[in-house]
Structures are given as structure tokens and as C-alpha cells.
There are 2 protein chains.
Amino acid sequence: MARSQFITTRRIAEEAGLSHSTVSLVLNQRGDELGIKPETQNHVREIAKRLNYTRNPLASGLKGGRTQTIGVMWILGGPHPSDEMTHRIVRRIQDREYVANLADHLSQIKDTVRILTDFSRRRMDAVIMQDGDEDQLHTPEILELLKSFPAAVIVSTHEWDAPCDLIIHDRLSAYRQVADHFADIGRRRPAILLPVPGSRAKTGAFLDQARARGMRVTPHSAIDMTPRPDQKITDASTEALDREFPGQFPFDCLHCSTDEGAVAAMSWLRRRGIRIPHDVAISGFNDSQFSDCLDPPLASVARRDNEVVDAIEKLVFQRLSSPQAPLSRTHVAMRFLARASAGAVSHLNHLLQEDVS
Amino acid sequence: MARSQFITTRRIAEEAGLSHSTVSLVLNQRGDELGIKPETQNHVREIAKRLNYTRNPLASGLKGGRTQTIGVMWILGGPHPSDEMTHRIVRRIQDREYVANLADHLSQIKDTVRILTDFSRRRMDAVIMQDGDEDQLHTPEILELLKSFPAAVIVSTHEWDAPCDLIIHDRLSAYRQVADHFADIGRRRPAILLPVPGSRAKTGAFLDQARARGMRVTPHSAIDMTPRPDQKITDASTEALDREFPGQFPFDCLHCSTDEGAVAAMSWLRRRGIRIPHDVAISGFNDSQFSDCLDPPLASVARRDNEVVDAIEKLVFQRLSSPQAPLSRTHVAMRFLARASAGAVSHLNHLLQEDVS
DNA sequence: CTGAAAGCGCTTACAG
DNA sequence: CTGAAAGCGCTTACAG
């Protein structure tokens, strides 16, 4: 198939005996507004359907119309659930007959600006962006750029005054829930394993809550496992534990910011003859598929990504059809799932279990 | 920032005192061919750089030029390594200052045609497609569409006469390696756990090799764990084992088409007092991060996705710069990694380990 | 109620 | 060696 013979408005206009501008107007739902006869409108739509017309997004965008294109800016190369998230978003976009542009961002804020500028210039109809804990997006330049899109949705870890629709995907309350759980079952010496730089909020949420519950927090409670480039989370975690604890492991509970980190920690502890959860209670994060098949089953945190994806889809397409609607705020909180690795199973768990996706 | 004031060729032409067509020619590297004075060319390029010019992809595409856009058609929603794969591809595309369009496909061949048509009409510079075992892409319509792109790369499980560059990402030889390994350590009763419909090739590779090595293959050796929509692989695997083996588990080795399935199987066997690998040797697939932290460490298959991504990038951009070069074929074979869950560690393993990404 | 015209920002023959 | 002109397929005032 040569790339040329797609159906154009001009072609429809010929068939209908009208001008191509009338066809364009009708096809953009502006017929009623301009008082074009219903028969004429129907005739045009009928021909368009019969010839299988779809608007050329390049031409439409160039002239200021819609491009049926949505940009998704996400942190690619995070842990698996984040990978899956982008795919779910892409499929929703595709189901609506839009095309999804995926881009990695937030690794360098310079890139974010460059990509967003490019997306704007490509006249994407909407942009969906992931925001981190560090308020990287709160620059005048980015906020201004965001306004250039007919629709924009930010998925953030916390609430702020974004000039667009905002979904707050809260993870910090889950960090507090884990600390509460460890306190509830009588643990006193908490630790948390995560990439410390860039995780101030998470570390704080967990350790502050632990402290509030009377646990003994020490400077060693935050264990840094920042991976080197291309290093696996599991290897980085094992390395960190080897480095920090050549002798004794001085904690009785350990929360890890990923299930992969938790698996590595469990394996590391086991090799030292430490029993889980008897000696050390463990929790992971993200409720990975493999978590409840481990021995013991790994406690974790359910992200509720499905709810987030539902909200994204709803907000984007509502905004595209009602540009003037007031900005919206949607909250989705992640939830701790107690399992055997974290000691006694919380009585809350089966209550929560139900609405976990 | 309003969407209007991007730099145009006209703007550069004004600064340079030339016509915008001359500017366009120079910027598209056609200056030498048309004998435009080197000084003029340099002047134009200098201004373009100073004003931070980038070509409007919408306008360029509409007129038949490049759009700096690459479509990626992949099976989204597969197991994790597949998720990660798309992200790696996207990042390579982004590093080259192209934009990546991601689409799910192969679930329905109708969608594949629709998406490919849309990508063609959007005048994407290249398309990168995943192909399955079932030759779904071998229709005249799709082959014809593929030719409409300046560059196209197919990543297939097997070699065929695709009218574009082809990467053969072979998994079947790894299935045979697993069977060989089980035979080498003296196992006689093999089973394989996977979604049987649509896995004829995999099942055949494993069981035929097992048979060739004198193992006792039975009709029950292929255990079907096809997940229901939205069902997790782990749950589907557990369910399948419950359903097929209410009594005894009559095998002494089990290969699973994913690590998630293997984890579920290990957990299921353990609950029945079956020892791994003593009673049943187990292997998974994809060499997931968590695999070698399990107890016992899970044998698996390394996909060598890095090599595939390298090949994709190389082929796409070579093709874009040399449209006339002969079609290429690149082979990347996945490799079995013996670990404790699969019984005695193969002497081959540390040889293989090295070039595993 | 509908059509003729301009123009989005490029690319590409065609003139000179 | 360079410019004037046409046109990709739309959208959108503007006329009538």
C-alpha cells in the first residue's frame, strides 16, 4: 500500500457535492452550532463511515486541531510495577483510538523540559506525567508548558497546586502502616532498606512513625542500597547488608522499599541463621506476583495501580470533552498487606484484601 | 508559553537573507548535492543552532518528510521481562531524539492491521514489531504495510522471509537445554507448566528433546495453566496443579515457562512435602531478579534482552541512514542457567554466566 | 445554511 | 547556486 491514498475531506466533499470545509465542520461536530441541515450532516457522516474516513492527525495538528495523540511521561526503568503501569495506561489510550507516546523522564529535569516542549510542539492532545517526591515539576517553565495541552494529568506522591488535574498516589501512609504493624506485634528495633538519597520522605514516614510508637530508631536504621547503574536491586541490597553489617544484624524488623530488596534481605538473613519472622520481621513493597508464594509469604504493600489507571483515563477524557471544568484532585492510598514474613497477621488484612486489585 | 512561537524555516530565512526553501534544503543535508555555497550552508546551520531550531514534525510528515517518530508494537501485559523490554527500547529511541509510540498488539490480528495503518498514515519513520510463534504477521496486508515505512524491524521467535530487517530471538533452544539438563542429572519423568494453547512450539521443543533423551513423556506431561483474564500467573499455576494432581505428583522434573509459575509450583510442591530438587527438579524462565534469592535458588533461562535491544537500535538507525542496504538477519539465543532448584549445577553454567546481561 | 480563501510549516520539483 | 510557487490535508474566520 502506498502511503498516499488515504481518504481525505476533499474526497468526501466530492461524493457529497459539498465543499471540503463543510465536511470538516460537520465531522468536527460543529454542524449544529453553525446550523447545517441535519440531512446534510447525516449524509456527510454516512459517506465518511462508508469510506472509512479518519482525520489526518498531522494535518489537523498542524492547523491547530486535535492529533489523537497522548504523551505519557513516566519513570521508566523503575521496579516492575512501574513498568506495568505504563502498559496499562497505554492500553487504555489505545482502546480509545488514541496513540500513546511514551517517554522516560525525571532522571534529569532538563530532559523533562525538552520532552514536554517537543510534545507540545507535536500538539499532543494530552499529557500524563508522573511526579516524584522532590517537587521536580514545580518550575514556572514546566507549569507554563503544561497549560499548553488541552488536557494534562499529573500522578504525584502528594498534593500540590498543580495547574492541571492531579492524582495523589499516596505511599507514605503505607510506610506508616508498616511501622504501626511492627509496633503492634512488639518489635522495638526498626530498620528500613532503600535508596536513601532521594527517599527522604519515605524514610521519614517510616522512622518517624516508629519513633512515635516508642521504637528505638538509630542512625543505622536507614540502610542505603542505592544501586549502581545497571545493578540489580537484589544485588545492591545484598551488597548494602554485607557492607553495613559484617557482624551482627542489630534489628528485629526490616521494611524494604521493594519486594526484590526484601527477597534479597530474606535470603541474606537466612544465610546467617536468622529466622523470619521470629528474629526479624520483614516487609516488602509493591505486592509483586511472587510475594505470597515465598516461604514465608512476604508481607508487602499493594499499590492499587488499577485505581490510579482508572482515574487517569477518566480525568484525561473528561478534560478533553469539557475543557472548562474545574481542576480535580483524586486520592488513591497504597495499603499494607500483612503476611507471615512480617510476624502475626494483622487483623486488618482481610478487610483490606478485598479491594486490592 | 503559547504553542505558536516555535522557530520556523521562514524565521531562519529572514535572519539569513535567504528563501525558506534554501534553508530547508540546507537543513536536510541536501546543500552539497545542490551545490549551495559552503559559507551559505554554514551560516544557515549556525543561525538554526543559535535559535534552537527543530523541524516541525507535523509539517514535515504532512509533506512527505521525516517525523522523528518510531512506532513500537509489542505484546503488552506479558510477563515482566517483556514490560521492561519496551522501556529499554523506548529509552534508546529517546536518546536518539526520536519519539516513541507504543502499542499493544497480537492479541487480535485486526488490531495489528489497524494500528499499523494508523502508524503508516502518521508517517512514522520506523516501526519495531514483536512477532509470535504463530506467524500472525505473515499476511499480505501486513507485509505490504511494513514496506511503507522507511525502516522496519521485526523481533521474531524464528527465522522467516520478512520483507524487512529481522531479529531472531530464539527461545526454543533453551527449552531443549533444560530437557538436556534434566536428562543429564538422571531425571526420567518430565513435565512442563505453561499456557498450552498457543505454546505448541515450546511444548514440542521441551518434550521432543526429553523423549529423544530417553525420558518418559506422557499425555499429562504438558500442564496447562492458561490464566483467566486478569488472573495472576502464580494463581493460575497453583490452580492448574490443584486441578490436575489432586493425588500424587507423578514427575521428577518440571520446567515452567515463567519464573512466577516456577515460584508458585515450588510453593505448591513444598506444601505437599515434596523436596526440591531432591524429589522434583525445577526450572523457571526469564531469569527474574528474585530468582537467585529463592531457597533453593531457582534455575532459569536468561533472555539476553540487552543483546536484542542493541540489535534493534543498530538496525533501525542503520536502515534510516542507508535505505538501500540489503535486509539483515540477527540471531540471539536465550540460555539455560542451572541453579540449585534444578539439581546438580551444570558444568556449563559458569561458562554461560559471563555473557548474560 | 454553505462556499471560497487563507494558512499551519514544511518539501520538492521547476525556473532562472 | 538560489528563489518563487505549489501543495500535503486539514481548520477557521469571513462572505454571502
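All values below come from the heavy atoms of this structure, side chains included, with hydrogens, waters and symmetry mates left out. Proteins get letters first, then strands, A, B, ... in listed order; numbering begins at 1 in each.
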Peer 1: Measure CZ/A:F6 against P/D:dG7 and give the value in whole Å, please.
Peer 2: 22 Å
Peer 1: Run the salt bridge (Lys or Arg N to Asp or Glu O under 4.0 Å) test against B:R10 and tell me which residues pass, sequence neighbours left out.
Peer 2: none
Peer 1: Under the side chain to side chain donor-acceptor pair (under 3.5 Å) test, which residues partner A:R96, sequence neighbours left out?
Peer 2: A:E313
Peer 1: Please enumerate all residues that pass side-chain contact (heavy atoms from CB on, under 4.5 Å) together with A:T40, with sequence neighbours excluded.
Peer 2: A:L18, A:I36, A:K37
Peer 1: Give the table of side-chain donor-acceptor pairs shorter than 3.5 Å for residues 58-66 of chain A, with sequence neighbours excluded, one pair per line with atom names and distance.
Peer 2:
residue : atom : partner : partner atom : Å
A:S60   : OG   : A:R66   : N            : 3.3
A:S60   : OG   : A:R66   : O            : 2.7

Peer 1: What residues form a side chain to side chain donor-acceptor pair (under 3.5 Å) with B:T8, not counting sequence neighbours?
Peer 2: none
Peer 1: Without decimals, in angstroms, what is the distance between A:Q68 CD and D:dG9 C1'?
Peer 2: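 Going from A:Q68 (CD) to D:dG9 (C1'), I get 15 Å.
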Peer 1: Can you list, in residue-number order, the parts of residues 43-67 of chain B that come under 4.0 Å of DNA chain D, counting heavy atoms only?
Peer 2: B:L62, B:K63
Peer 1: Tell me, which pairs form a side-chain hydrogen bond (donor to acceptor under 3.5 Å, both in side chains) where one or both residues lie in residues 315-324 of chain B, sequence neighbours left out?
Peer 2: B:D165-B:R319
Peer 1: Whenever both distances are under 3.5 Å in a Watson-Crick or G-U wobble pair, mark it; put DNA chain C into dot-bracket that way, with [ ] for crossing pairs and | when the partner is on another strand.
Peer 2: |||.||||||||.|||
Peer 1: Output the residues of residues 20-35 of chain B in contact with DNA chain D, where contact means a heavy atom of the residue under 4.0 Å from an atom of the strand; sort by number or write none.
Peer 2: B:S21, B:T22, B:L34, B:G35
Peer 1: May I have the distance from B:I12 (atom CD1) to D:dG3 (atom C1'), rounded to whole angstrom?
Peer 2: 17 Å
Peer 1: Hey, are B:D135 and B:H158 close enough side-chain-wise for a donor-acceptor pair under 3.5 Å?
Peer 2: yes
Peer 1: Any idea how B:Y98 and B:F317 line up, ring-wise: parallel (<30°), tilted (30 to 60°), or perpendicular (>60°)?
Peer 2: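 B:Y98 and B:F317: perpendicular rings.
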Peer 1: Applying ring pair (Phe, Tyr, Trp, His ring centres under 6.0 Å), can you list everything that pairs with B:H331, at least two apart in sequence or on another chain?
Peer 2: none
Peer 1: Once side-chain contact (heavy atoms from CB on, under 4.5 Å) is applied, do any residues pair with A:L51, and if so which ones, sequence neighbours excluded?
Peer 2: A:I7, A:R11, A:I12, A:E15, A:I47
Peer 1: On the nucleotide D:dA4, are OP1 or OP2 found under 4.0 Å from the side-chain N or O atoms that B:S19 carries?
Peer 2: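 Checking B:S19 against D:dA4: no side-chain N or O falls below 4.0 Å of OP1 or OP2.
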Peer 1: Using atom CD1 of B:I7 as one end and atom P of C:dC8 as the other, report the distance to the nearest whole Å.
Peer 2: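 Computing the B:I7:CD1 to C:dC8:P distance gives 15 Å.
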Peer 1: Rounded to whole angstrom, note down the C1' distance from C:dT11 over to D:dT2.
Peer 2: 16 Å
Peer 1: List the residues meeting salt bridge (Lys or Arg N to Asp or Glu O under 4.0 Å) with B:E33, not counting sequence neighbours, and say none if there are none.
Peer 2: B:R30
